[in-house]
Amino acid sequence: YRTMIFIVLYNSITCLVAGISIALAQVRILREIFQRTKAKGERTRQLQESRRYHAARMIFCMVVGFLLCTIPVMILLFVVVAGEIPAKEYAAFASFLTWFNSLLNPAIYWFCNRSYR
């Protein structure tokens, strides 16, 4: 029983630390983008605001994608520990979501960034 509690706590803390780290890194990137782009002309300012918006949208999509792929894994871990579903099925689903998140990131780049295409 102690081992299961340790596994749940360890995975929860790891997920929380990873999520916070990703969010903080993305906020720092956005801050850099906003501070470096100071336009002088009206057209240049509009173009830079458009780029800022697209960068913010892409970062938001990446964070939401990470959360959508991680939160179900964490919730199901509690269900596995409670004995409601077999660990084998959980492992298959968790593995799928992990790989799906890796597939999702390039797709987000492709859809949100014209220069990436």
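Between Cys61 and Ile108, the shortest heavy-atom distance links the atoms O-CD1, 3.5 Å.
For the ring pair (Phe, Tyr, Trp, His ring centres under 6.0 Å) test, residues two or more places apart in sequence or in another chain that qualify with Phe96 are Phe100. When the side chain to side chain contact (heavy atoms under 4.5 Å, CB included) test is applied to Ile13, the partners found at least two apart in sequence or on another chain are Val17. Residues satisfying the side chain to side chain contact (heavy atoms under 4.5 Å, CB included) test with Val64, not counting sequence neighbours, are Phe60, Leu68.
Atoms CG and CE, on Asn101 and Met62 in that order, are 8.5 Å from each other to the nearest 0.5 Å. Atom CG in Leu103 sits 12.0 Å away from atom CG in Leu97 (nearest 0.5 Å).
Leu104 and Trp99 end up in different hydrophobic clusters when Ile, Leu, Val, Met, Phe, Trp and Tyr side chains are linked at under 4.5 Å.
Counting side-chain heavy-atom gaps under 4.5 Å among Ile, Leu, Val, Met, Phe, Trp and Tyr, Val27 is found in no cluster with other residues.
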